[in-house]
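Beneath this line is the structure, given in structure tokens, with notes to follow.
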Amino acid sequence: MPFRNHIVWVTGASSGIGEAICRAFAQQGARVVLSARRGKELERIRRTLPSPNDHLVYTMDLSRRLNWEEAATIVQAQCGPIDIFVHSCGRSQRSSAHETTMDVDRQLMELNYFSAVGLTKALLPSMIQRGRGHLVPISSVSGRVSPPFRSAYAASKHALHGFFDAIRAENHHNGIKVTIICPGYVRTHLSENAATHTLEPYGQMDATTARGISPERCAQRVLKGIARCEEEVLVGGRETWAVYLKCLAPRLLSRIIRRGNRP
Ligand SMILES: NC(=O)c1ccc[n+]([C@@H]2O[C@H](COP(=O)([O-])OP(=O)(O)OC[C@H]3O[C@@H](n4cnc5c(N)ncnc54)[C@H](OP(=O)(O)O)[C@@H]3O)[C@@H](O)[C@H]2O)c1
């Protein structure tokens, strides 16, 4: 069990991929801090984890500009220094760029990108001081390839790669690892919760999401990638091939990707 007694902070822990990652770490003997907005849901999940008293709930709304240092200080005062930080909170989008209000662009950037930046900057000094720490942003295949009707979402996920690739290069000698996760379709509430052009929830399960891999399978691959210190993990079905196609045959990918249905 490579993660026994590791302290792991997971955002987006109340649902989907984040929840499955919490369960997978807890099964391996890690101590987990669960964060999201819905405290009751986090508590329910905590109580069903192995050794529930080893884990902690810390509720936060990451679409707001928070005092990231204060959040990191409170969490670490309660559970000790964070070994692994998994940033799984996120919201997708189903709307064309020209109809989408700037509010949507800003909100998705705040939640999907700036919250990862804020919490990472707050955690890095203590990780550098200890000479160890592992950062695990959950990006997406859309962080590598932009599908139609996901302009704000894809931009926020691409930004994660720019930031975390630099963090990896800067902190290699400090003992900090970065594993960026790029899921394809995973069967979660992502499409139902996605923002439309006015931030209203889309409210529908996409057929592609419904056919996706289970969050549990995704979580197993995430833990394997972390244990092996992989730099980037592609996980999902054939849709992940788009990342290779972008390098090998970009015009062919463009022809395929523009067939994407209007939501
Ligand atoms: N499912 C897929 O096919 C897929 C594919 C590629 C990438 N991803 C990425 O995987 C990550 C997890 O998504 P999921 O598929 O598990 O979707 P999900 O089931 O909708 O989970 C989203 C999580 O984010 C949290 N969250 C949303 N808004 C928040 C806010 N304002 N403050 C704090 N937490 C917030 C939610 O908790 P609360 O509502 O309790 O706050 C929930 O725990 C996301 O970053 C997503 O972009 C998913």
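As a basis for the values below, the full set of heavy atoms in this structure was taken, side chains included, without hydrogen atoms, waters or symmetry mates. First listed ligand is number 1; within each ligand, the first listed atom is number 1.
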Handout entry: Distance-only polar pair, side chains of R23 and T48, donor-acceptor under 3.5 Å
Key = yes

Exercise for the section: To the nearest 0.5 Å, tell me how far I21 CD1 sits from I181 CD1. Expected result: 7.0 Å

Handout entry: Pair E41 + R44, salt bridge at N-O below 4.0 Å
Key = yes

Exercise for the section: Return yes when K157 approaches ligand 1 closer than 4.0 angstrom through a heavy atom, no otherwise. Expected result: yes

Exercise for the section: Mind running side-chain hydrogen bond (donor to acceptor under 3.5 Å, both in side chains) on T101 and H197 for me, showing each step along the way? Expected result: CA-CA 6 Å; T101 62; H197 66 294; over 6 Å; no

Handout entry: Identity and separation of the nearest protein heavy atom to atom 27 (C) of ligand 1
Key = R37 NH2, 3.5 Å

Exercise for the section: Quick one: look at L111 and ligand 1, take heavy-atom pairs under 4.0 Å, and tell me if it's side chain, backbone, both or neither. Expected result: side chain

Handout entry: Over 12 non-hydrogen atoms of neighbours within 6.0 angstrom of CZ in R217
Key = no

Problem - Taking atom 15 (O) of ligand 1 as the reference point, the nearest protein heavy atom with its distance - result: T188 OG1, 2.6 Å

Completion exercise
Numbered in order shown, the ligand 1 atoms found under 4.0 Å of a heavy atom of I138 are 9 (C), 10 (O), 11 (C), 45 (O)

Fill in the blank from the handout: shortest atom 20 (O) of ligand 1-to-protein heavy-atom contact is with N193 ND2, 2.9 Å

Handout entry: Enumerated ligand 1 atoms positioned under 4.0 Å from heavy atoms of S63
Key = 31 (N)

Exercise for the section: Applying side chain to side chain contact (heavy atoms under 4.5 Å, CB included), run through L56 and L34 and close with a yes or a no. Expected result: CA-CA 6 Å; L56 184 80; L34 301 93; over 6 Å; no

Exercise for the section: Give the intermediate values and the outcome of side chain to side chain contact (heavy atoms under 4.5 Å, CB included) for residues I7 and F25. Expected result: CA-CA 9 Å; I7 301 177; F25 270 120; over 6 Å; no

Exercise for the section: Flag G12 as yes when one of its N or O atoms lies below 3.5 Å from any N or O atom of ligand 1, and as no otherwise. Expected result: yes

Problem - Structural part of L190 in contact with ligand 1, heavy atom criterion under 4.0 angstrom - result: both

Exercise for the section: Using a 4.5 Å cut-off on heavy atoms from C-beta on, say whether the side chain of R91 contacts that of L108. Expected result: yes

Exercise for the section: List every atom of ligand 1 that sits less than 4.0 Å from any heavy atom of D61, numbering the atoms from 1 in the order shown and giving each element. Expected result: 30 (C), 31 (N), 32 (N)

Practice task
For atom 8 (N) of ligand 1, find the nearest protein heavy atom and state the residue, atom name and distance (0.1 Å precision).
Solution key: Y153 OH, 3.7 Å

Practice task
Check if S139 has a non-hydrogen atom at a distance under 4.0 Å from any atom of ligand 1.
Solution key: yes

Exercise for the section: Looking only at non-hydrogen atoms, find the nearest pair between V141 and V243 and report the distance. Expected result: CG1-CG2, 4.1 Å

Exercise for the section: Using non-hydrogen atoms of the residue, decide whether M60 is closer than 4.0 angstrom to ligand 1. Expected result: yes

Practice task
Assess G212 for proximity to ligand 1: is some non-hydrogen atom of it under 4.0 Å away?
Solution key: no

Completion exercise
In this structure, SG of C89 is separated from CD1 of I17 (nearest 0.5 Å) by 12.0 Å

Practice task
Give the residue and atom name of whichever protein heavy atom lies nearest to atom 18 (P) of ligand 1, and the separation in Å to one decimal.
Solution key: S15 OG, 3.6 Å

Practice task
For G16, take its heavy atoms, then give the atoms of ligand 1 lying under 4.0 Å from any of them.
Solution key: 16 (O), 19 (O)

Exercise for the section: Answer yes or no: does an N/O atom from R38 fall short of 3.5 Å to an N/O atom of ligand 1? Expected result: yes

Handout entry: Residues D206, R94: salt bridge by 4.0 Å N-O rule
Key = yes

Exercise for the section: For Y185, counting its heavy atoms only, list the atoms of ligand 1 lying under 4.0 Å from any of them. Expected result: 3 (O)

Fill in the blank from the handout: If we number the atoms of ligand 1 from 1 as shown, the ones under 4.0 Å from a heavy atom of S14 are 36 (C), 37 (O), 38 (P), 40 (O), 42 (C), 43 (O)

Handout entry: Sub-3.5 Å N/O-N/O distance, P183 and ligand 1
Key = no

Exercise for the section: Return the orientation label for the F85 and H87 ring planes: parallel under 30°, perpendicular over 60°, tilted otherwise. Expected result: tilted

Handout entry: Flag side-chain contact, heavy atom, 4.5 Å: Q107 against L111
Key = no

Problem - Minimum-distance protein heavy atom relative to atom 5 (C) of ligand 1 - result: G184 O, 2.8 Å

Fill in the blank from the handout: Closest non-hydrogen contact found for L253 with V145 is CD2-CG1, 3.9 Å

Exercise for the section: Starting from atom 44 (C) of ligand 1, locate the nearest protein heavy atom and write down its residue, its atom name and how far away it is, to 0.1 Å. Expected result: S88 O, 3.2 Å

Completion exercise
If we number the atoms of ligand 1 from 1 as shown, the ones under 4.0 Å from a heavy atom of G90 are 22 (C), 24 (O), 44 (C), 45 (O)

Fill in the blank from the handout: min-distance protein heavy atom vs atom 16 (O) of ligand 1 -> I17 N, 2.8 Å

Exercise for the section: State if T209 counts as touching ligand 1 under the rule of any non-hydrogen atom under 4.0 Å. Expected result: no

Handout entry: contact_flag S115 ligand 1 heavy-atom lt 4.0 Å
Key = no

Problem - Straight-line distance of R168 CZ to F163 CZ, nearest 0.5 Å - result: 12.0 Å

